[in-house]
Amino acid sequence: MTGGAGYIGSHAARALRCSGYEVVLYDNLSTGFRRLAQGFELVEGDISDEAALRPVLARVDAVMHFAAHAYVGESVENPRKYFRNNVLAALSLLNSALDTGIRRFVFSSTCAVYGIPGQIPITEQTPREPVNPYGASKLFFENALEAYSRAYGLRSVSLRYFNAAGADESGEIGEMHDPETHLIPLALAASAANGPGLQIHGSDYPTPDGTCVRDYIHVNDLADAHVRALQHLERGGDSLTTNLGTGRGHSVLEVVQAAEKATGRPVRRTMGPRRPGDPPVLVADPAKAQRMLGWAARRNLADIVSSAWMWMQKNSSGT
Ligand code: UDP
């Protein structure tokens with residue numbers, strides 16, 4: 001598993017282990033954390049480093065590829081970094097996997113491949129027209145996987161995540177981003193008396209309360225989908241691409257209310273301007289994942305926010 005010391009990878013590693021798989025984590029720790037890899041074999045290396053990668057690939061039957069840069073704003077400022085890692089280095093990984101005989105591949109894709117969708121909910125048939133280099137880099141790799149599947153028989157599942165959030169219910173692992181730019185951790189932090197307030201990015205969107213609507217999906221529901229994706233490939237299933245979302249949208253203000261409920265404290269916030277590149281509404285049609293993988297999200301926004309809050313409290317107290 002590449003990126004196994006990251007936020008979503010570390011949750012997927014635990015889900016795989018619970019289902020009886022042995023997992024080797026491969027991570028260069030550029031944005032990952034040793035702490036999130038605790039209890040697992042961790043090989044430190046870059047996905048573009050063929051020499052470091054090959055002996056690891058030789059020991060596994062399948063690759064789950066989580067290692068990527070994932071800040072939309074940064075991808076606009078520094079596209080070179082995104083194309084180098086998410087395209088060039090990822091292709092090098094894919095070729096190494098192919099050359100080592102691996103024929104099962106699970107890829108972390110994103111709803112950012114859809115850009116600003118013309119229809120809601122978003123199905124997998126919605127045109128893929130990314131509006132930032134991050135989405136473009138992920139779309140490139142989806143296309144590479146499709147071509148490799150046809151030409152070389154390397155079967156893959158591309159999972160288009162909507163807004164990943166929340167933390168493992170054990171309290172042992174959770175979201176760790178530096179800098180943190182995501183709504184839920186920032187809203188929770190803004191409930192602390194001395195923390196920075198939350199800035200709401202835009203209140204004049206064509207949505208019921210004027211703030212953006214997103215489909216927030218619990219990280220452990222995502223993790224479960226990865227196990228099912230691998231099982232699909234093991235059963236001999238064809239390559240496929242699917243959305244991973246709940247099918248329910250929540251506005252920024254609804255998230256703020258959920259954060260206030262979880263913390264029991266007011267979230268200090270100010271209304272700010274729109275953030276460039278933010279579509280008004282992104283909500284998944286999750287029917288295909290249900291049909292093809294037997295998967296559906298089991299946790300709702302309240303579960304997401306309360307698990308994130310538990311993790312944040314545990315984390316800030318240094319335990
Ligand atoms: N958001 C916000 N204030 C913040 C961070 C995010 O209002 O400080 C909004 C953002 O505009 C978007 C939603 O919250 O509508 C989710 O943003 P996030 O960065 O968590 O995820 P993204 O949708 O960019 O993947």
Side-chain angles (χ1 to χ4, degrees), residues 6-8 31 66 68-77 82 86 108-117 120-122 130-139 159-167 174-192 195-219 221-222 243-246 248-260 262 266-284 301 304-305 307-309 311-312:
Y7 171 41
I8 303 172
T31 55
F66 294 89
H69 296 309
Y71 291 121
V72 169
E74 187 188 49
S75 81
V76 176
E77 308 280 306
Y82 278 70
N86 297 4
S108 303
S109 191
T110 166
C111 63
V113 298
Y114 297 116
I116 300 172
I120 297 294
I122 300 170
V131 291
N132 52 59
Y134 169 64
S137 71
K138 290 284 181 173
L139 176 56
L159 299 171
R160 293 182 185 147
Y161 310 158
F162 280 66
N163 282 59
E175 189 163 8
M176 289 173 86
H177 289 125
D178 189 16
E180 189 51 79
T181 62
H182 294 107
L183 175 62
I184 290 177
L186 291 177
L188 291 168
S191 74
L198 175 73
Q199 188 178 111
I200 294 180
H201 298 323
S203 52
D204 58 349
Y205 282 99
T207 57
D209 65 20
T211 63
C212 285
V213 171
R214 294 288 180 273
D215 186 337
Y216 295 91
I217 173 86
H218 195 291
V219 66
D221 281 331
L222 289 183
N243 290 337
L244 293 181
T246 66
R248 273 217 57 186
H250 293 285
S251 71
V252 174
L253 286 175
E254 283 179 305
V255 171
V256 166
Q257 277 156 17
E260 291 184 330
V267 168
R268 287 172 302 103
R269 73 262 201 182
T270 51
M271 291 292 182
R274 292 183 179 196
R275 188 171 67 175
D278 266 348
V281 182
L282 292 174
V283 177
L301 183 65
I304 291 174
V305 173
S307 63
W309 177 232
W311 159 249
M312 199 178 255

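No experiment lies behind these values; they were computed from the predicted model shown. Whatever order the structure lists them in is the order used to number ligands and atoms, beginning at 1.
Side chain of Arg268 to backbone of Ala192: a donor-acceptor contact under 3.5 angstrom is found. Using modelled atom types, one side-chain atom of Trp311 and one backbone atom of Glu175 make a donor-acceptor pair closer than 3.5 Å.
A distance of 6.0 Å separates CG of Leu222 from CG of Leu244, quoted to the nearest 0.5 Å. The distance from atom CG of Asn132 to atom CG of Asp278, rounded to the nearest 0.5 Å, is 10.0 Å.
For Pro196, there are no side chain to side chain contact (heavy atoms under 4.5 Å, CB included) partners two or more places apart in sequence or in a different chain.
Taking the six-membered ring where the residue is Trp, Tyr71 and His177 present perpendicular rings, their angle passing 60° and hence far from 30°.
For ligand 1, residues of the protein lying within 4.0 angstrom by heavy-atom distance are Asn163, Thr181, His182, Leu183, Leu186, Leu198, Gln199, Ile200, His201, Cys212, Arg214, Tyr216, Val252, Arg275, Asp278.
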